[in-house]
Amino acid sequence: MRAFTQLTAKALPLDRPNVDTDAIIPKQYLKSIKRTGFGPFLFDDWRYLDPGTLDIDPATRRPNPDFVLNDPRHAGAQILLARDNFGCGSSREHAVWAMDDYGLRAVIAPSFADIFFSNCFKNGFLPVALAEDQVQALFDVVNADASAEITLDLPAQQVRLPDGRRFGFDINPHHKHNLIEGLDEIGLTLQNADAIKAYEAQRQQQAPWLFA
Amino acid sequence: MPTQTPQTLYDKVWNAHVVTDAGDGSALIYIDRHLVHEVTSPQAFDGLRINGRKPWRLAANLAVPDHNVPTVNRAGGIADPISRAQLDALDSNCAEFGITKFDLMDVRQGIVHVMGPEQGATLPGMTVVCGDSHTSTHGAFGALAFGIGTSEVEHALATQTLVLKKAKSMLIRVNGHVGPGVTGKDITLAIIGRLGTAGGTGFVVEYAGEAIEDLSMEGRMTLCNMAIEGGARAGLVAVDDKTIAYVKGRPFAPKAVHWDAAVAYWKTLKSDPGAVFDKVIEIDAAEIAPQVTWGTSPEMVGPVTARVPDPATATDPVKRSGMEKALAYMGLTANTPIEQIRIDKVFIGSCTNSRIEDLRAAAQVVKGRKKADSVMLAMVVPGSGLVKQQAEAEGLDRIFLEAGFEWREPGCSMCLAMNADRLEPGERCASTSNRNFEGRQGQGGRTHLVSPAMAAAAGIAGHFVDVRSF
Ligand code: SF4
């Protein structure tokens, strides 16, 4: 997995609560059996004026000039700024893959849906939960100056604004460690193979019907 | 004897599955059952291949295609080449790794969350995962069941475990009894209306109280199905005699030699008296009316007797603009009585409401009546081949067909419109599914979530009606 330590980048302000995974990547793209290539379809329904599918070349479609992602001032942003309950809805990891493929590396919001939140960590993508007023402060900074750069410092667990303000954030130590080291969680778990086997042997005694 | 601290049902199932405890609130949790479908698994199987890994315990996995499958003319195969590629990938992955799979033409094929319980593959006290958020459905059996992303699908396949952080616990007690015409769907929608779609975030919710005990297993599945729409990754209902009676005799259920021991264990799967929850919500069942959503999030819901709310009354500006966007998308004007909203299509199906009781409830409403002419399509999509077979044995298919409803083959269908079944831009649908997000049932489509009886009644009347007086 790609490691995440520190990032200084522009931010894309997406000012809506309850952005669901269907909005992040609509279902017609879930038919792909790959992990990559979803970037051009990120926020597809909001981003284009005409409908799309996997086999329509995105370059031939009409972008919606009113959607924030199409605003040239935000080009190259690597941090998504969002509102409450970001990533609600389905478990599709394609939502994180699409954000990642587009070039985003982190998302800041007041709250996240649980499955989306945990999917981020499997992809070297950092979700940061800040207080409502801190998120508002970030929106204000970016709305005032789209070129403003925000720094995400994972080892220090800090978001730094260009004006010097610093917001600390919480993160599960296990998630932090794996992100910083870029560790493959399956490999780590398999180091416990003996414990898994021991558990199975004991469980088979207690609940044999589960292994019949 | 030392007195034990009273435990919640969640504590009990969690504790029974801890392989190692990391000591920081997370643990390696053993997974008893892994259900697999075609959409979220191909990249996980690829991961196994790339790393030279094998599934840890083959018998724990069970696969079925559901999201992409056509609901008409199945023998003719799948026309869309991209959908077909995804089904082919499931076939070849299951064959390569040796995973049991029900094929498209198998009578046991169906929506993964209908098929699992129907086969007895979901049992009380299990941990059940699937790369699909509505895995919460299986919590109706007192199983800890939740949706996972594709990386976790790969992790579960390779290790039979997941690294999880224990959630907080919430008890939602629905006191008293619901009135006639009020179903599990209405209870679950009313709860989301009250707590919001993020109300359960970070929690595992246990549903209790007389109204929940009254529900059949199917009603409890509907209830837990939408726990995820309330933000909770899992919902739970304690095991009782109904749970055990439902499981008995199903193909994957314990056989005679183990049955008594299994039942004895299952009977312990309830929260102890005095168990402490992080949060407790009390709801009065008698106050719940049949529900209809009016917006683009399941929390935008109200009783069928109400009016579309006015964003101007919302004090929070973020909430107000959310409501305005929703009404604009839905093509609705504030203060319109819900019963005056006219619909174009009806969808009865999905893992929320496509089981035999749901179809019976809908059939009872349409029996001897005709679909309104203004409704261009009313489709009934059974949750599985076995549900379809049962419904046909009871003559429900004929009731629907005589009323002008269509009778289809099982699958997810217009719940998420990955197959050919979808809304066109601007079309309005009374749907028994679980998500009314923008574009969920087709780009520009407008979804109102309701119970099966309410959807059926809307199909007859051409607009929403209170099924209690229909
Ligand atoms: S019926 Fe709908 S919600 Fe259920 S699994 Fe299928 S797509 Fe998901």
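Since the model is a prediction, treat every value here as computed from it, not as a measurement.
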Does any heavy atom of chain B fall under 4.5 Å from the side chain of [X], the backbone, both, or neither of them?
X        : answer
A/Asp84  : neither
A/Phe117 : neither
A/Asp44  : neither
A/Gln202 : neither
A/Ala195 : both

Segment of [X] engaging chain A (4.5 angstrom heavy-atom cut-off):
X        : answer
B/Gln160 : side chain
B/Glu38  : neither
B/Ala417 : both
B/Trp56  : side chain
B/Thr161 : side chain
B/Ala59  : neither
B/Arg33  : neither
B/Leu123 : side chain
B/Asn434 : neither
B/Thr159 : both
B/Arg435 : side chain
B/Ala60  : neither

Query raised in the report: Going by the angle between their ring planes, with limits at 30° and 60°, are A/Tyr199 and B/His17 parallel, tilted or perpendicular?
Result: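 The arrangement is tilted - the two ring planes meet at 30° to 60°.
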Value rounded to 0.5 Å, distance of [atom1] in [X] from [atom2] in [Y]:
X        : Y        : atom1 : atom2 : answer
B/Arg57  : A/Phe211 : CZ    : CZ    : 4.5 Å
A/Trp209 : B/Met126 : CH2   : CE    : 10.0 Å
B/Cys412 : A/Lys27  : SG    : NZ    : 12.0 Å

**Report entry** 4.5 Å side-chain heavy-atom contact, A/His174 and B/Lys165
**Finding:**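 They are not in contact (no side-chain heavy atoms under 4.5 Å apart), so the answer is no.
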Query raised in the report: What's the verdict on side-chain hydrogen bond (donor to acceptor under 3.5 Å, both in side chains) for B/Thr197 and A/Asn85, showing C-alpha distance, side-chain angles and the deciding distance?
Result: CA-CA 8 Å; B/Thr197 46; A/Asn85 199 27; 3.3 Å; yes
Query raised in the report: If every non-hydrogen atom of A/Pro173 is compared with every non-hydrogen atom of B/Asp24, which pair is closest and at what distance?
Result: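 For A/Pro173 and B/Asp24, the tightest heavy-atom pair comes out as CG-OD2, 4.5 Å.
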